[in-house]
Structures are given as C-alpha cells and as structure tokens.
Amino acid sequence: MSKMPILPQQSVRDIRQAFRQLCSQTLPMHWLDGWLLAVLDKPAVFLMTDDDYRLTADETARLNAGIARMMTGEPLAYLLGHQAFWGREFVVNRHTLIPRADTEILVDTVLNFAKTQANHQPCILDLGTGSGCIAITLALELPLASVLAVELSADALQVARQNIARLQADNCQAVQSAWYQAVTGRFDIIVSNPPYISDDDEHLAGLAHEPITALVAADDGLADIDAIIKNGREHLCDGGLMVIEHGYRQAKAVRALYQAAGFVAIETVKDYGGNERVTLARWYGGCDHQGDN
C-alpha cells in the first residue's frame, strides 16, 4: 500500500483520521472501518468508546494487508467472508456475487404477494441463486413454502448449500442447473437476479473482483432475462408470479419482454434509491395445480 500506510502503535483515533484521507468512492469509509473492526474483533461501538486503543504490530500488518487488497477494488465482504442480507449473515467468496440491499426489494415483493394468496405452501424457484441469499431468505420467511434454488456454477452452489445448512433452511434445496435445464414441475413463484449488465457497461470496472458470468449478459444485458421469461411459461402454475431484478435502465425493455411472452399484470417496483429495479408479472395459461419439484 503506497498512499498512506498505517504505522504500528497508532491509536484507533489516528487511524480513522488517516482513513478519512484515504477513503474514496471506490474505497468507502465503512469498508475501512469494517476491516479495522474485523482485525480487532470488536463491535462498532469500540470505535467511539476505545478510540485511544493502539494497534499492535501484528494487528497493523493485517490491517494494512487488507487495505491494500481493498485498494485494488476487492470488496470488504470478500475479506470478511460474509455479507449481511435481510438481517442474516451469508457466507460469500469470489465465486458468488455479494448480496446488495436493493435485492431485498425482490424479496419484499415476493413476501407481499405471498401474504395475499390462499396457498400458504407455495412452491418457489430461484434461478441463479449464487450465495443462496434470496432462496434462503424466502424459505425462512415462508416456513411452509418449498424452495428450489438452482445455480450453474459448482463453486457457487457449494456456497449456497453451506448457507442453507448454516441458517437451517430445511425447506430449501439447491441443485446444479443451467436455468431450467434440470428443473421439472411447475411453481407458484419464480424469482431471479440474473446477469443483466452489458459487456461494455462502464460500471463493470468497479466489479472486477466479482464473477463475470454472474454479471454480464448478451443483447445489452437482456439475453438471460429474455430466456427466463420465455421458458418460465413452462414452469409456472396458472396465476403464477415471476419476479426479476434488472438494471435501473432496463425496466421498459423487461416489461416489453413480459408482454411479448403473454404475461399480464406487469408491474415495476423501485429500489431504495428510487430506481426501477424489479419487474413482476403473472402467468395464466399454465396448470391449475402444482407439479412435483
């Protein structure tokens, strides 16, 4: 680390002052504070109550090593090995996307729908589950539901299964599949946070450490969304719901894909930043009962 190394025996107060000069849009202050707390194995209040604490040489070395990694763009979550989502900690690594707060909008949308339905034991399919954060959250929030999470990457699938076991989501199972390829039966709800970034998107530079296959899709980022919508008709029960997360500029295009595929009751939900983030629709014309998963 060349810009501002932290020296041994510096106090937490002085280190955080150095952080204020070091932080940037790509290295936010909360990453630096988060890594400092991880190195010290202390709660957040420690930064205020014990800011005169002076780091040892070993703690300083570990702190600097982590800062050097984050300065290359590696997210704090990969250093920590976990990320919070919907109030729970999920194991993550370089094979999985890091759960984002905006994806909680997708979960919230599904839960709001489920509360209005007479069927309190819905069958739910999560496509491209990654760390499993969406599938597991839905399984835990809807304990009578049956959730199937599919993931193409064997490495990511291993992480999802680890999270299922850790969080005791007994009503959730994860299988390897290229979208619907290994999926049978019909579902009441299909959800997905698929790759939706175009390969020439300027934001990709800031996501270099996350798995590219989970980020980028052809046709201006719409290819996978199109496939999920079209093929989803074969896997949704009559009146079933499909909910897809997408880029903030893609809502109009996603609504058009739904409409072209024969979906109805198409609606877009905004994220916490006021951006159009999740689009949902209903499918009529499938079966009138659930199949086996």
Side-chain angles (χ1 to χ4, degrees), residues 1-104 130-133 136-137 153 155-156 158-167 197 202-215 272-273:
M1 188 176 70
S2 60
K3 188 173 181 180
M4 189 172 293
I6 305 302
L7 301 176
Q9 293 300 310
Q10 279 190 290
S11 69
V12 167
R13 183 188 309 109
D14 291 339
I15 289 171
R16 296 193 72 225
Q17 183 60 42
F19 283 175
R20 292 184 183 93
Q21 300 177 49
L22 186 62
C23 67
S24 65
Q25 186 174 358
T26 57
L27 183 61
M29 186 71 179
H30 73 269
W31 281 16
L32 294 164
D33 278 345
W35 182 237
L36 174 59
L37 290 169
V39 168
L40 299 177
D41 192 22
K42 298 293 183 181
V45 68
F46 185 85
L47 300 181
M48 294 181 290
T49 61
D50 294 83
D51 64 353
D52 57 346
Y53 174 79
R54 295 183 180 276
L55 273 66
T56 67
D58 287 345
E59 289 169 339
T60 303
R62 188 180 173 210
L63 180 67
N64 281 329
I67 294 174
R69 288 170 61 183
M70 290 190 291
M71 288 181 72
T72 70
E74 185 172 357
L76 171 64
Y78 288 164
L79 273 69
L80 300 177
H82 58 81
Q83 175 68 25
F85 183 83
W86 204 268
R88 302 180 178 95
E89 291 291 334
F90 287 82
V91 172
V92 295
N93 62 27
R94 62 187 179 86
H95 301 296
T96 67
L97 290 183
I98 297 168
R100 264 88 170 171
D102 284 337
T103 299
E104 294 188 356
S131 67
C133 65
I136 293 168
T137 300
S153 164
D155 292 318
Q158 184 177 359
V159 175
R161 287 173 172 165
Q162 182 180 354
N163 281 318
I164 289 172
R166 283 182 61 256
L167 295 168
I197 300 177
E202 60 184 10
H203 297 97
L204 275 179
L207 301 169
H209 288 267
E210 297 188 64
I212 191 71
T213 55
L215 293 167
Y272 299 121

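Side chains included, hydrogens not; waters and symmetry mates left out as well; all remaining heavy atoms used. This structure is a prediction, so every number in the text was calculated from the model and none was measured.
L167 has its side chain within reach of F90: a pair of non-hydrogen atoms, C-beta onward, lies under 4.5 Å apart. Side-chain contact check for Q10 versus T60: every heavy-atom pair is 4.5 Å or farther apart. With a 4.5 Å cut-off on side-chain heavy atoms, F19 and I67 count as touching. Taking 4.5 Å as the limit, some side-chain heavy atom of L55 sits within range of a side-chain heavy atom of V12. Taking 4.5 Å as the limit, some side-chain heavy atom of L76 sits within range of a side-chain heavy atom of M70. Residues R94 and D155 are not in side-chain contact: their nearest non-hydrogen atoms beyond the backbone lie 4.5 Å or more apart. Counting heavy atoms from C-beta outward, L36 and L47 have side chains that approach closer than 4.5 Å.
The nearest pair of heavy atoms linking H82 to E89 is ND1-OE1, 2.7 Å. Closest of all the heavy-atom pairs between C23 and P28 is CB-C, 4.2 Å. A156 approaches S153 most closely through the heavy-atom pair N-OG, 3.1 Å. Smallest separation of non-hydrogen atoms from S131 and V92: CB-CG1, 4.2 Å. Across Q9 and R54, no two heavy atoms sit closer than the pair O-NH1, 2.8 Å. Here the closest heavy-atom approach between residue R62 and residue V39 is recorded as NH1-CA, 3.5 Å.
With values rounded to the nearest 0.5 angstrom, I136 atom CD1 is found 9.0 Å from R166 atom CZ. Rounding to the nearest 0.5 Å places CZ of F85 at 5.0 Å from OG1 of T137. For the atom pair T96 OG1 and N163 CG, the distance stands at 8.0 Å (nearest 0.5 Å). Rounding to the nearest 0.5 Å places CG of N93 at 13.0 Å from CG of L80. To the nearest 0.5 Å, atom CG of residue L27 and atom CG of residue L22 are 5.0 Å apart.
Using modelled atom types, one side-chain atom of E104 and one backbone atom of W86 make a donor-acceptor pair closer than 3.5 Å. A donor-acceptor contact shorter than 3.5 Å links the side chain of T49 to the backbone of V45.
For R13, the salt bridge (Lys or Arg N to Asp or Glu O under 4.0 Å) partners two or more places apart in sequence, or in a different chain, are D51. Scored by the salt bridge (Lys or Arg N to Asp or Glu O under 4.0 Å) test, D102 finds no partners at all (sequence neighbours excluded). R161 meets the salt bridge (Lys or Arg N to Asp or Glu O under 4.0 Å) test with no other residue; sequence neighbours excluded. Under the salt bridge (Lys or Arg N to Asp or Glu O under 4.0 Å) criterion, R16 pairs with D33, not counting sequence neighbours.
Among residue pairs with one or both ends in residues 27-76, those qualifying as ring pair (Phe, Tyr, Trp, His ring centres under 6.0 Å) are F46-Y53; sequence neighbours excluded. Applying the salt bridge (Lys or Arg N to Asp or Glu O under 4.0 Å) definition to pairs two or more places apart or across chains, none involves residues 34-44.
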